[in-house]
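Heads up: the structure comes next, in structure tokens.
Counting starts at 1 for both ligands and their atoms, following the listed order. Because the structure is a prediction, the values reported are computed rather than measured.
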Amino acid sequence: MADITLISGSTLGGAEYVAEHLAEKLEEAGFSTATLHGPRLEDLPLSGIWLTISSTHGAGDIPDNLVPLYKALRELHPDLSLVRFGAIGIGSREYDTFCGAIEKVEAELKRAGAKQLGETLRINVLEHEIPEDPAEAWLGSWINLLK
Ligand SMILES: Cc1cc2nc3c(=O)[nH]c(=O)nc-3n(C[C@H](O)[C@H](O)[C@H](O)COP(=O)(O)O)c2cc1C
């Protein structure tokens, strides 16, 4: 099992690029990683560290590729008490439902017993044309919580 499993939810690919960039940075810092774009629950280790990165679509909606995992969390009630997770949302302040998707995912992970490490980062794409930049800055302090 990799030290850190990165999970992305994306419609247009932006959150996937962020996940891949952070995986590269984590590897440089000495962690092994597995990056899964829109994984199913059965693809995920039910222990260890997850880093979940999701953009938002519709009106606060979860990207289509993350819906199966979200539904499985809601309907199958897995025990995630051995999981610790970090969360990054990507969205636009134009919408009242800014970063709504990561809030929903985060709530389900917590309901399943997973413990959050650090604060959720919410990236406003109107402010950050390159979301990798604030994500990388956030990762620097998140890594310290893993030690
Ligand atoms: C049709 C549409 C609906 C969107 N709805 C929201 C929203 O409700 N909340 C939000 O924070 N961002 C919203 N966004 C902004 C996207 O989350 C943002 O553009 C993000 O960078 C897309 O990431 P992706 O490339 O991973 O799909 C929306 C964008 C589009 C095109």
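- The shortest N or O to N or O distance between E16 and ligand 1 is not below 3.5 Å.
- Taking the side chain as every heavy atom from C-beta outward, I62 and K104 approach each other to under 4.5 Å.
- Between atom 16 (C) of ligand 1 and the options I53, I123, T56, the minimum heavy-atom separation is to T56.
- In the vicinity of T97, heavy-atom distances shorter than 4.0 Å reach the ligand 1 atoms 7 (C), 8 (O), 9 (N), 10 (C), 11 (O).
- Considering only heavy atoms from C-beta on, P63 comes within 4.5 Å of S54 through its side chain.
- The shortest distance between side-chain heavy atoms of P45 and W50 falls below 4.5 Å.
- The side chain of Y95, and not its backbone, has at least one atom closer than 4.0 Å to an atom of ligand 1 (non-hydrogen atoms only; side chain from C-beta on).
- Taking a cutoff of 4.0 Å between a charged side-chain nitrogen and a carboxylate oxygen, R74 and E108 qualify as a salt bridge.
- By the 3.5 Å distance cut-off applied to N or O atoms, G13 is counted among the residues near ligand 1.
- In terms of protein heavy-atom proximity, atom 25 (O) of ligand 1 is nearest to G14 N, 2.7 Å.
- The closest donor-acceptor contact from the side chain of W138 to the backbone of E119 lies under 3.5 Å.
- Atoms of ligand 1 found under 4.0 Å from any heavy atom of A59, numbered from 1 in the order shown, are 8 (O).
- Here the heavy atom of the protein found nearest to atom 12 (N) of ligand 1 is S92 N, 3.1 Å.
- Near G60, the atoms of ligand 1 lying under 4.0 angstrom from a non-hydrogen atom of the residue are 7 (C), 8 (O).
- Ranking protein heavy atoms by distance to atom 5 (N) of ligand 1, first place goes to G58 O, 2.9 Å.
- With respect to the salt-bridge test (charged N to carboxylate O, under 4.0 angstrom), the residues K110 and E106 qualify.
- When side chains are defined from C-beta on, I90 does not count as touching I102, because their heavy atoms never get closer than 4.5 Å.
- Around atom 21 (O) of ligand 1, the closest heavy atom drawn from V125, L126, V18 belongs to V125.
- Checked against a 3.5 angstrom limit, the closest N/O atoms of C99 and ligand 1 fall inside it.
- For the side chain to side chain contact (heavy atoms under 4.5 Å, CB included) with V18, the lone residue among I53, L139, L6 that qualifies is I53.
- Close N/O approach between S10 and ligand 1 is found [any backbone or side-chain N/O within under 3.5 Å].
- From the protein, the heavy atom lying nearest to atom 31 (C) of ligand 1 is H57 CE1, 3.9 Å.
- Listed by number with element, the atoms of ligand 1 under 4.0 angstrom from any heavy atom of G91 are 10 (C), 11 (O), 12 (N), 17 (O).
- Defined by atom type and a distance below 3.5 Å, a donor-acceptor pair is missing between the side-chain atoms of E27 and S32.
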